[in-house]
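Structure first, commentary second.
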Amino acid sequence: MRYSALSILKNGLFGNKGWKPAWRTPAPKPHYDVVIVGGGGHGLATAYYLAKEFGITNVAVVEKGYVGSGNVGRNTTIIRSNYLLQGNNPFYELSMKLWEGLEQDFNFNAMVSQRGVLNLYHSDAQRDAYTRRGNAMRLHGVDADLLDREAVRAILPFLDFDNARFPIQGGLLQKRGGTVRHDAVAWGYARGADLRGVDILQNCEVTGIRQSQGRVLGVETTRGFIGCNKLALAAAGNSSRVAEMAGLKLPMESHVLQAFVSEGLKPFIDGVVTFGAGHFYVSQSDKGGLVFGGDIDGYNSYAQRGNLATVEHVAEAGKAMIPALSRIRVLRSWGGVMDMSMDGSPIIDRTPIDNLYLNAGWCYGGFKATPASGFCFAHLIARDLPQTTASAFRLDRFERGYLLDEKGQGAQPNLH
Amino acid sequence: MSMTLRHHPVLGGKAALRLKDVTLEALPEGHVLQLLAAAPEAGPGLRERIGDSDLRPLAPGQWLLIGNAPLTPEDLTGLEERLKPVADIVDQSHGRVRIALSGPAARAVLAKGTAVNLDAAAFPVGHAAQTLIGHIGAHLARTGEDSFELTVLRGFAESLWDDLAQMAAEFA
Amino acid sequence: MTSYRLSQGGLIDRARPLSFSFDGKPMSGFAGDSLASALLANGQRLMGRSFKYHRPRGVLTAGAAEPNALMTIGKGGRTEPNTRATLQELYDGLTARSQNRWPSLDFDIGALNGLLSPFLSAGFYYKTFMWPAAFWEKLYEPFIRKAAGLGEAAKESDPDSFEKCWAHCDLLVIGAGATGLAAALTAGRAGARVILVDEQAELGGSLLSETATIGGVPAAQFAREATAELEALPNVRTLARTTAFGRYDGNVFGAVERVQKHVATPQVGRPVERLWRIVAGRALLATGAEERPLVFGGNDIPGVMMAGAARSYLNRTAVAPARQMAIFTTNDSGYALARDLEACGVALTAIIDSRPEGAAPGLYKGQARILTDALVRDAHGGKSLSAITIARQGRTETLRLDGLAVSGGFSPVIHLACHRGDKPVWSDAQGAFLAEDRKGLALAGAAAGLSGLAACYEAGARKAVALLDQLGIAATAGSVPTVEGDIVAPATKPLWSIPGIRGKAFIDFQNDVHRADLALAVREGYAHVELAKRYTTNGMATDQGKLSNVNAIGLLAEARGVSPAEVGTTTFRPFYTPVSFGALAGSSHGKHFQPVRQSPLHGWAKKNGARFVETGLWYRSAWFPRTGETTWRESVDREVRTVREAAGLCDVSMLGKIEITGKDAALFLDRVYCNGFANLPVGKARYGLMLREDGFIYDDGTTSRLAEDRFFMTTTTAYAAGVLNHLEFCAQALWPELDVRLASVTDQWAQMAIAGPLARTILQEIVDEDISNEAFPFLGARAVSLFNGALKGRLFRISFSGELAYELAVPAGYGESVADALMEIGKPKGLCAYGVEALSVLRIEKGHVTHNEINGTVVPADLGFGRMVSAKKADFIGKHMLAREGLTAGNRHQLVGVVPLDPAASFRTGAHILAKGAAATLENSLGHVSSSCYSPHVGSTIGLALVRAGSSRHGEEVMIWNGLRGEYTPGRLCDPVFIDPENAKLKI
Amino acid sequence: MASLIACPHCGRRPKEEFTVKGAALARPEPQAGADAWFDHVYLRDNPRGPYQEFWHHTSGCRRWLVVTRDTATHEVEEARDAALWNRETAR
Ligand SMILES: Cc1cc2nc3c(=O)[nH]c(=O)nc-3n(C[C@H](O)[C@H](O)[C@H](O)COP(=O)(O)OP(=O)(O)OC[C@H]3O[C@@H](n4cnc5c(N)ncnc54)[C@H](O)[C@@H]3O)c2cc1C
Ligand SMILES: NC(=O)c1ccc[n+]([C@@H]2O[C@H](COP(=O)([O-])OP(=O)(O)OC[C@H]3O[C@@H](n4cnc5c(N)ncnc54)[C@H](O)[C@@H]3O)[C@@H](O)[C@H]2O)c1
Ligand SMILES: Cc1cc2nc3c(=O)[nH]c(=O)nc-3n(C[C@H](O)[C@H](O)[C@H](O)COP(=O)(O)O)c2cc1C
Ligand SMILES: [Zn+2]
């Protein structure tokens with residue numbers, strides 16, 4: 001069923017009784033060509049592109065909860081391609097390009113909204129770091145603008161320019177950055193994949209990986225054994241646990257990141273702004289809530305909830321950046337569990353086990369990567385060759401010393 | 001070359017802040033010595049070697065020795081000799097600044113900064129703890145039922161003073 | 001006018017009239033009124049407009065769950081959008097404005113959306129607005145964004161202050177109704193440390209709205225007497241106007257106290273809100289129960305109200321919600337309202353009771369017509385209720401009236417019990433979700449599903465005893481005072497759906513989610529409770545589903561043919577009610593966002609006219625302009641030249657300084673630095689590189705040996721704290737067997753660099769010892785006597801600038817005086833003060849690195865320090881990862897110098913380096929300029945850069961590419977040392 | 001967790017006073033070999049459940065602790081001085 005203004009009109013006139021489920025609820029088949037673990041953005045996008053771009057449709061996505069119950073449904077929805085390193089930037093720009101045509105592609109309005117991402121700087125050193133970054137972007141043909149203080153003031157006059165502990169000196173702006181409606185991404189990919197024959201199996205937790213002679217045979221799940229020719233892991237915050245079922249130990253830790261939404265407000269702030277003198281970033285959803293967040297809590301966690309101290313830190317930085325936030329009330333806080341990798345960059349690679357593929361380590365930045373991650377992972381699964389822009393995301397880079405460390409923090413995940 | 005050397009106490013310009021229920025005052029920059037024992041569990045014999053100076057626990061195997069009078073280099077060497085081999089001394093007389101907080105509201109003021117439970121049962125007179133007061137680290141000692149002393153890094157002293165003054169404002 | 005003030009009764013203070021305004025209209029109320037009760041008393045039942053359809057809305061509740069009566073109060077920086085009129089106390093001069101309407105509350109164009117509602121069903125926006133693609137950002141989205149949101153926030157800063165506080169107790173009691181008061185009294189009398197919080201302006205909970213008597217006195221009076229007793233106990237702290245908003249790990253509760261939200265002009269020196277972090281030994285939730293609305297057509301029309309709320313307005317604030325009322329109930333509690341309405345003289349047309357059997361016999365003695373086995377199917381009216389249609393035994397009947405009170409049963413308020421992930425359990429008997437007692441926390445009273453004042457009181461006391469017992473505190477429950485006139489309402493079967501509804505039947509009032517939306521969600525496959533929430537937005541408004549969630553779950557259960565237990569709830573999360581940024585931020589904002597760390601030489605720098613720059617928490621002197629100098633560059637160039645030609649003095653006090661003692665100190669340093677330290681002679685300093693365990697450089701600095709077992713380490717300013725943490729880690733967690741003791745002495749010493757050819761001459765005037773090159777050669781380090789023995793300091797002959805230079809450390813309190821003295825001595829010889837800008841130029845000219853280069857991705861060899869890495873040592877931090885292929889590869893980024901081909905041209909840090917003639921692509925980027933400056937010595941801009949295989953590229957022509965600024969500068973790579981490569985100047 | 005960590009030296013203190021480093025792992029012997037070192041520096045068990053990690057009481061006694069904490073419930077089971085841990089467990 002195609003979505004359009006016309007279909008809304010037609011259905012509206014008949015009591016909205018004619019709508020069909022966005023995706024089916026099939027029973028698991030005994031065997032698939034490809035089984036993807038994780039019905040988050042990446043798993044669903046992988047299934048979608050496997051079917052659409054690589055013609056592999058005998059695919060199941062197994063999800064332990066409901067579609068989008070993981071980080072795709074709990075992130076702060078920021079998309080951008082302002083990466084520094086050669087191993088990263090082209091990949092994220094590919095993702096941005098895919099976002100730009102996504103909705104028409106999968107016939108679902110995910111509200112891809114390029115209202116700009118502005119990173120503030122407060123010191124010469126930060127300015128220089130942003131200059132380096134902005135130039136890396138420009139070199140790859142990505143839009144980037146370095147704004148001075150007055151240019152920032154012109155866009156956001158209500159930031160604290162005059163009484164700040166760390167005065168704002170300027171900012172790096174990516175105009176094509178912005179936000180996307182998180183849930184709609186999961187739903188759009190799920191619907192798109194389902195239409196092409198992919199089985200989406202909700203409430204189906206993978207509890208074991210059956211192997212024989214160095215090959216994966218399939219997965220044990222709460223809904224029985226499901227066989228497959230190829231097994232693809234896209235379990236975001238639970239990657240270590242799933243990989244462990246295959247005997248792999250990964251270079252990552254699971255950490256909790258909190259996010260927040262305020263009460264609904266009339267338009268307050270248009271694009272995304274990040275504070276350079278503390279941990280805070282904010283945007284306003286199309287529904288009117290200010291969606292914001294800060295740094296990770298800093299300790300290993302699988303609990304999907306955070307700590308009051310972090311809440312306070314975030315609010316402090318928020319009010320320091322925008323004094324007018326003072327009387328705005330925060331409605332809800334929640335947490336998401338992400339795999340924080342040892343260099344802050346992701347992994348899309350084969351594993352030492354022949355037909356086992358890994359997509360993991362997205363830290364707090366994998367939402368923006370969703371389309372490219374799905375596309376590149378599908379490419380790897382289908383062709384057994386990395387897609388060029390994702391060729392640096394190797395699993396053995398730690399052992400071999402080819403790290404992708406944008407922040408230079410080293411092998412301590414909670415510092416990335 | 002002979003010069004008149006002037007000592008600049010960092011809170012020297014601050015008059016005591018006397019509010020109705022709480023008083024805030026900068027204490028003289030006398031001496032603050034950090035005593036470091038070889039092992040955390042060391043410490044016996046310390047008291048005998050230093051006499052009845054004000055010795056406040058800082059961390060396992062570490063103490064602050066505090067007094068209102070500055071020490072001469074000779075005093076310091078003497079102490080160092082006496083403490084060997086039990087503990088080493090690092091002179092922090094200039095690196096740490098003390099602020100006294102007293103009055104019936106002193107506890108309420110501090111509770112705005114520290115998570116240490118200041119209940120008399122949990123933190124009796126003579127107790128000390130290194131802790132955060134808001135965003136600033138300080139060593140907190142209870143010197144009386146209603147009086148406390150804070151020892152803070154010199155660089156943060158003014159900020160801590162300002163914060164305390166703000167926290168005390170409602171008790172004016 | 002339909003609602004009105006009763007001539008007598010209530011807890012309001014009729015002697016204290018207050019004036020306020022609503023949408024500019026002047027009105028009046030009394031002390032003790034909420035904004036909502038005052039509006040009702042003024043006959044203002046229309047209080048807001050809904051989110052999507054702009055339906056006219058009146059107040060539905062009298063408490064925290066209010067979804068409709070949200071308004072903007074205050075002015076300027078005190079503007080508060082979305083304020084619940086039900087919890088806002090009235091004060092004199094309060095200004096309130098309605099929201100989400102244009103041009104006015106009465107006449108709102110947005111209400112036209114209601115006509116389009118068939119096309120605006122749940123999730124419609126996911127299905128359209130996709131063509132043409134460019135229209136989304138230009139047209140559709142801006143329109144949607146304007147329509148979205150409720151109140152409008154101010155863009156001004158807040159003039160008032162906020163603060164935070166810690167508190168500790170044995171027992172935290174949340175909610176001060178009968179249950180909470182009983183618990184607090186029991187625990188307080190036993191001597192336990194008790195904190196009792198309640199979000200209402202006054203303690204008492206539903207007792208304040210109650211007409212029953214307790215111990216022979218009216219319930220409200222009982223509450224006041226109990227409060228007085230609690231306030232007199234030194235071990236009890238009572239906090240009214242305080243909402244516990246979250247339960248966190250370790251039984252820490254977040255609570256926010258509205259200290260001065262009920263006054264027109266907050267008193268200066270006191271916060272308007274205070275954030276409490278309460279560390280509770282044990283906690284008791286006595287948070288009561290939320291009455292559930294019923295889902296019939298038009299259930300949102302102003303004049304429809306929760307029965308408990310109607311009781312509260314009537315009894316507590318003496319306001320009649322309407323003139324002609326009916327009650328629609330599924331349980332006995334509706335009859336309590338019936339009794340009270342009649343007592344107040346409000347006409348009661350009928351009680352519509354969904355139960356075939358009706359109320360317990362003898363419970364109700366009033367006059368109203370009672371319709372059992374009956375349902376309200378639809379309510380009618382526009383901005384005010386005018387009639388209801390009742391369905392009973394297949395027949396319908398219409399009643400004309402202006403007020404309808406509803407009670408669909410009760411949902412215990414269990415939020416806080418579920419914040420740490422515990423799932424509530426559906427109870428068929430209670431027709432509600434209940435939470436279980438957990439370690440550290442229990443529930444009692446209505447929050448645990450109990451009804452009846454006596455039962456609640458008894459339970460509160462009993463649970464308090466049990467919780468204290470777990471802490472080893474003995475308490476006794478005492479006897480329950482006699483309760484008279486209480487109508488106890490046992491749980492009844494929930495009523496989810498009502499057949500035959502014509503109008504819109506709302507579930508989530510604020511977000512305009514109605515019954516058909518949920519049905520659609522199920523039809524489209526979003527039937528999981530979490531998906532249904534997200535697809536319809538049910539429960540996502542400012543009230544977080546307090547009224548709507550359980551009804552939605554019941555309806556989903558019916559639609560899916562399962563029990564509510566199987567549907568389950570969505571996740572309870574903080575905040576119980578929304579909390580302001582102000583409260584969460586406390587005083588940490590503006591200039592007080594972070595503390596200031598001040599150098600002991602700050603005063604000296606200020607006197608010398610320094611311009612300061614924030615560096616971490618420090619303020620560092622950046623440059624020292626002199627009269628006539630108009631740009632910072634002029635001053636910096638002069639300072640640099642002066643240092644190279646005469647001498648300069650720079651404040652380096654903010655370098656991290658660590659004293660390391662103990663008999664294994666040297667061995668320890670040998671393990672934490674990649675180069676050797678064990679053989680460092682006493683009296684010498686050495687430059688050290690500290691690696692991370694992964695082999696990359698962590699920090700650098702000099703360490704001097706002051707005695708066999710005493711070292712003095714300096715770190716960079718930025719990494720001072722991190723290095724000490726790291727060293728402590730090594731000493732305590734890795735090698736506790738070593739005798740090594742660490743103390744930060746950063747604040748103990750004022751440290752100044754005296755650099756330049758005349759440095760020695762100047763310094764010798766205050767240093768008592770001989771500091772000639774022979775007596776005190778390069779890298780000498782020793783204690784010195786100053787001013788003829790007046791002061792002891794430490795002197796290090798080290799140089800960041802490449803000139804003859806020293807760093808002198810003196811006790812911080814004397815720093816300013818010593819610097820003054822040096823300036824006085826040095827001035828005639830040309831000594832100047834120089835700041836970090838000049839320092840940076842000097843070090844770039846010399847090719848010295850900082851964290852611009854040590855950026856966490858470089859290994860020693862990248863910076864030309866390969867030979868410093870000891871091959872002899874069996875172990876040091878970082879040794880074992882260094883040999884990896886990627887860390888030794890020839891094309892790694894390595895340190896080089898870079899200059900423009902044309903000396904008049906310049907470039908900046910952050911520019912990329914491209915091979916000459918190479919296309920401008922990221923693949924072609926060879927690296928970047930990590931530091932740059934104008935070098936008076938070289939006479940052009942110079943830079944340090946990290947460039948692929950850079951050390952073998954000296955002499956190569958490149959393009960210095962800065963597309964961000966449109967600057968493309970042809971340049972040449974060169975040796976990174978621009979001055980005195982032989983280090984001759986250091987050794988004179 | 002945690003809102004509060006019971007420092008064995010200072011008593012219960014809030015998270016703000018601590019710095020977390022990550023898994024409490026014994027450092028391999030210098031000659032342990034590349035695989036052991038790689039495993040030590042980069043690979044983590046990352047369990048859901050009880051977990052030992054290094055916490056530093058930065059704004060308190062400045063001792064490094066080994067905290068045993070459940071990563072699913074955030075319940076802290078034990079916090080002990082890292083030197084003690086090192087002597088008794090790590091070797
Ligand atoms: C608070 C927060 C804010 C963020 N903000 C941003 C942002 O602004 N921009 C950005 O780019 N990124 C952001 N991120 C990161 C981003 O959300 C993630 O990187 C990304 O969503 C991860 O990919 P995913 O969507 O596939 O993950 P998920 O949605 O988490 O998908 C993984 C799925 O695997 C399932 N699963 C796990 N184990 C099993 C099993 N054994 N069996 C079956 N299924 C299993 C999970 O239930 C889950 O649904 C944020 C993350 C968080 C937590
Ligand atoms: N069947 C039932 O479940 C039921 C239903 C309705 C009423 N009742 C009656 O209500 C009374 C119950 O008394 P009770 O003491 O248990 O409840 P209560 O409603 O009298 O008191 C609860 C109090 O807790 C406050 N509160 C709730 N959450 C809070 C939070 N997070 N922070 C601060 N304050 C918070 C409320 O504002 C209220 O003042 C009895 O009379 C009982 O019969 C029972
Ligand atoms: C971008 C974004 C916007 C959100 N806006 C709201 C909102 O307006 N109201 C609300 O109640 N929750 C909102 N949420 C939070 C969700 O209710 C929910 O807490 C979150 O998706 C995590 O799921 P969980 O709380 O069920 O674990 C939002 C979440 C995201 C990611
Ligand atoms: Zn401690």
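Values in this document were obtained by computation on a predicted structure and should not be read as measured data.
Ranked by heavy-atom pairs shorter than 4.5 Å toward chain D, the options Ser341(A), Ser240(A), Gly410(A) are led by Ser240(A). The residue among Ser239(A), Ala243(A), Pro251(A), Gly298(A) with the most heavy atom pairs within less than 4.5 Å of chain D is Pro251(A). Note: Glu399(A) leads Arg305(A), Met252(A), Arg241(A), Glu399(A) in heavy-atom pairs under 4.5 Å with chain D.
Closest non-hydrogen pair, Val20(D) versus Gln412(A), comes out as O-NE2, 3.4 Å. In terms of heavy atoms, Ala303(A) sits closest to His74(D) at CB-NE2, 3.4 Å.
Put simply, NE2 on His313(A) and NZ on Lys15(D) are 6.5 Å apart, with the number rounded to the nearest 0.5 Å. Atom CZ of Arg48(D) and atom OG of Ser254(A) lie 10.0 Å apart (nearest 0.5 Å). A distance of 7.0 Å separates CG in Asn307(A) from CD in Glu16(D), rounded to the nearest 0.5 Å. For the atom pair Asn46(D) CG and Lys249(A) NZ, the distance stands at 10.5 Å (nearest 0.5 Å). Taking OH from Tyr299(A) and CZ from Phe18(D), the interatomic distance works out to 13.0 Å, rounded to the nearest 0.5 Å.
Of the atoms belonging to Leu248(A), not a single heavy atom falls under 4.5 Å from chain D. Using a 4.5 Å cut-off between heavy atoms, Thr19(D) does not touch chain A at all. Of the two parts of Tyr42(D), the backbone and the side chain both hold a non-hydrogen atom closer than 4.5 Å to a non-hydrogen atom of chain A. For chain D, the nearby part of Thr310(A) is the side chain; its heavy atoms alone come within less than 4.5 Å. Heavy-atom distances place the backbone of Leu250(A), and not its side chain, under 4.5 Å from chain D.
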Can you list the steps and then say if Glu253(A) with Tyr51(D) is a side-chain contact (heavy atoms from CB on, under 4.5 Å)? CA-CA 12 Å; Glu253(A) 294 178 355; Tyr51(D) 188 53; 4.2 Å; yes
Check the pair Thr71(D) / Asn300(A) against side-chain hydrogen bond (donor to acceptor under 3.5 Å, both in side chains), numbers first and verdict last. CA-CA 6 Å; Thr71(D) 59; Asn300(A) 281 45; over 6 Å; no
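Summarising the local packing, CZ of Arg12(D) is surrounded by 12 or fewer heavy atoms from other residues, nucleotides or ligands at distances under 6.0 Å. By the 6.0 Å contact criterion, CD on Glu244(A) is open, its count of non-hydrogen atoms from other residues, nucleotides or ligands being 12 or less.
In this structure a side-chain-to-backbone donor-acceptor pair under 3.5 Å is missing from Asn414(A) to Lys21(D).
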